[in-house]
2 protein chains.
Amino acid sequence: MAATEKITIMDIARRTGLSKGTVDRVLHNRGEVSKKSYAKVMEAIQELGYEPNVFASLLAKGGKVLVAVLIPESEHGSFWELAASGIAQAAESVTAVGIDIVHFEYDQYDIESFRKASARMLDAHPSGVVMAPMFQGETEVLTEALQEQGIPYCFIDSKPDTNGYLSYFGMPLYKSGYLCADQLTGGHDVSAVLIVRIRRDRFRQSDPTVNRRAGFLDYMMENYPDCRIDNVFIQPNDPDDIDSALSAYFRLHPDVRHVVMFNSRIHLLVPYLERHPDPERRVVGFDNLKANMDALRSGTVSVLIGQRPDEQVRLAIETLAEYAIRGKQPQKKDHFMHMDILTPFNVEDY
Amino acid sequence: MAATEKITIMDIARRTGLSKGTVDRVLHNRGEVSKKSYAKVMEAIQELGYEPNVFASLLAKGGKVLVAVLIPESEHGSFWELAASGIAQAAESVTAVGIDIVHFEYDQYDIESFRKASARMLDAHPSGVVMAPMFQGETEVLTEALQEQGIPYCFIDSKPDTNGYLSYFGMPLYKSGYLCADQLTGGHDVSAVLIVRIRRDRFRQSDPTVNRRAGFLDYMMENYPDCRIDNVFIQPNDPDDIDSALSAYFRLHPDVRHVVMFNSRIHLLVPYLERHPDPERRVVGFDNLKANMDALRSGTVSVLIGQRPDEQVRLAIETLAEYAIRGKQPQKKDHFMHMDILTPFNVEDY
DNA sequence: ATTATTTCCGTTACCGTGCACGGAATTCAA
DNA sequence: TTGAATTCCGTGCACGGTAACGGAAATAAT
């Protein structure tokens, strides 16, 4: 497959009767070369099938490639902690080949902290940026700055409607709602389901749950149009509120056995659910946070639908590295990644 | 996280009052250095936190790293075709950093072809080898040769009971049978299931299906001890035989609605199953071959349990590259990887 | 025709390591 | 005390590419 090539810049210099300086100029087409020479060099490159030696190039250029990752703070047990661990993994695997990764965090509910993190990131002069777009306006500001400086960037998790990014890696949100509904019902008729939602302030611009809910509702509409859909809102940081909200609901609807949440916080329900066990209950949530997986193991949660923020991060970093090192554009722009179904029987290996 | 280090071999040479030649000698401890100098250099390395520049090293050493992959022929639509595609992916991502991959194939039913492929592989003098152990005796012969030459190797898919390998990447087979049983029954009581098996010759030494079957049977025993387990054997290359075998079985047991196969060939049943549709039937198989995924899409197969040969290959290659480039041992030897549950609702993104 | 500009190109000094070669310093044999 | 044999270590080139520098050739201006 791969040949044992050894054609160097000198080979093509000799072949064309020019010097390596000239060859280098056309390789990086930075001008100062006559049409004729340019053509000759290009031809020789084609014929000999020249490919630059990355090591030599990086060595001479004297740079490590630096990729910056700009994502929300990885609070303990949060979704972004998974992504952060993905950074560590990716770092592990790519630093071996001279790519450095810097990680910038911000408070996902605080625009100002995002601005500051962006600024610090730009100061690091990375050769590529991986980011999760949280604040639409600020994201635009940032991407414009990046484009101005010619720094390529990738989105993970979700993406805005702009177009200047190099690649996007994320989950198909609408479809994940659909899948969720199928796992919740197990293909059997269901008379009522409870959706637990988080009452959140309007800070966040991009909310993955709306698309998920849409997919979920469409599935239910199509397959079980008579199923009743209830909503209960909770305060994520107030255990008492969660407890009372659920208690109130289930007092009215003791027959409801299907519970779902569209964000990564299904673990918030665990205390209540464990105090009111029901072997027939079916609970489906998203994302393989540790707390969620524990709930799966204990049987409180039936199914988790997971994505791989770590893999998303890795792929984004690799894409950027590839681009920075050899200037290669990825073949696909948008990468919708697989959704993992986790049950008590396969959770151990995730 | 990562520092902007720039400590070179020269820095520590100056620091110790020695020359880079000497430093180099202790770095690769190839002798010809006095105790005293050795100690001084080691100390300086510690203090300055010296880390060799991979680029310069690779450049000087003049070599690309070459990783050989030795797996069964990737017949169209077969399991190993997935692995092969993984090689392509991995190649894509790692050639960027100077790692070359060579792919050697053999007929998994022909020991002689394995021997030849091994020989050709050794001739290529790879710096690392990824292999799937098919023939126990021959695998031993090969690994001995590799060890003699100091070439590290990784196993994927399954592994022998030896110990000299660098890493193993594969699926937990027993547990996959367990998971399979859970998906087949869907947690509901079942009175009878049909296991379709392939009557194969005794060429293959390692057969993943026996462990899977064991896990499956244990699950059934534990949860539904009264369930009847039937076995039907088919000839994989003879469609007529498959048809008649299944016809004969279902004539006797028209009530059986749960069908499972433990190898990657569930797609062989599709023609029969499609001619005798049954919306209540539940069919579970293994591995995301294209044909299997098509069957999933069409609804003939209910669930597939997939592994990622491509990811296994990638990880193995990365491990070897890491080891070859920086001599770093992986932290874990055996990597049991996650099992993916594929349903019609998430199959598209795999 | 001479000078001033451009345009184009060759030379050269790196980048950080690996390694061969030969010489200095040390030890051993006489 | 010399010469020979070791042990140790410094020098210098190679690896393939980058980019600054300056000069030759071609073109323009005077």
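Basis for what follows: all heavy atoms, side chains included, without hydrogens, waters or symmetry-related copies. Just so it is clear: chains get the letters A, B, ... in the order the sequence lines come, proteins before strands, and each one is counted from 1.
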Whole-Å distance between [N] [atom2] and [X] [atom1]?
| X | N | atom1 | atom2 | answer |
| --- | --- | --- | --- | --- |
| B/I45 | C/dG16 | CD1 | P | 17 Å |
| A/R30 | C/dT7 | CZ | P | 17 Å |
| B/L58 | C/dG18 | CG | P | 10 Å |
| A/M10 | C/dT11 | CE | C1' | 11 Å |
| B/D24 | D/dC13 | CG | P | 17 Å |
| B/K61 | C/dT17 | NZ | C1' | 9 Å |
| B/N29 | C/dC19 | CG | P | 13 Å |
| A/R14 | D/dG17 | CZ | C1' | 14 Å |

Does a side-chain N or O from [X] land closer than 4.0 Å to OP1 or OP2 of [N], or not?
| X | N | answer |
| --- | --- | --- |
| A/H28 | D/dT18 | yes |
| A/S57 | D/dT18 | yes |
| B/T22 | D/dC9 | no |
| A/Y38 | C/dT7 | no |
| B/T8 | C/dG16 | no |

Using a strict 4.0 Å threshold on nitrogen-to-oxygen distance, state whether [X] and [Y] make a salt bridge.
| X | Y | result |
| --- | --- | --- |
| B/D24 | B/R30 | yes |
| A/D11 | A/K6 | no |
| B/K40 | B/E43 | no |

Validate the cation-pi geometry between A/K333 and A/Y165: distance from NZ or CZ to the six-membered ring centre under 6.0 Å, angle to the ring axis within 45°.
->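 Yes, A/K333 lies over the aromatic ring of A/Y165.
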Which sits closer to the 5' end of DNA chain C, A/K20 or A/S34, going by the nucleotide each is nearest to?
->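 Result of the comparison: A/S34.
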Hey, which of these two, B/N53 or B/R25, hits DNA chain C nearer its 5' end, going by closest nucleotide?
->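 The residue closer to the strand's 5' end, by nearest nucleotide, is B/N53.
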Ignoring the backbone of A/L59, work out which of D/dG16, C/dT17, D/dC9 is nearest its side chain.
->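 Nearest listed nucleotide: D/dG16.
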Looking across every strand, which nucleic acid part, if any, lies under 4.0 Å from B/G31 by heavy atom: base, sugar-phosphate, or nothing?
->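 No contact at all - B/G31 keeps every heavy atom at 4.0 Å or more from the nucleic acid.
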Looking across every strand, which nucleic acid part, if any, lies under 4.0 Å from B/L18 by heavy atom: base, sugar-phosphate, or nothing?
->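 Sugar-phosphate contact only.
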Taking all heavy atoms of A/F114 and all of A/L142, pick out the closest pair and write down the distance.
->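 Looking at all heavy atoms of both residues, the shortest contact is CZ-CD2, 4.2 Å.
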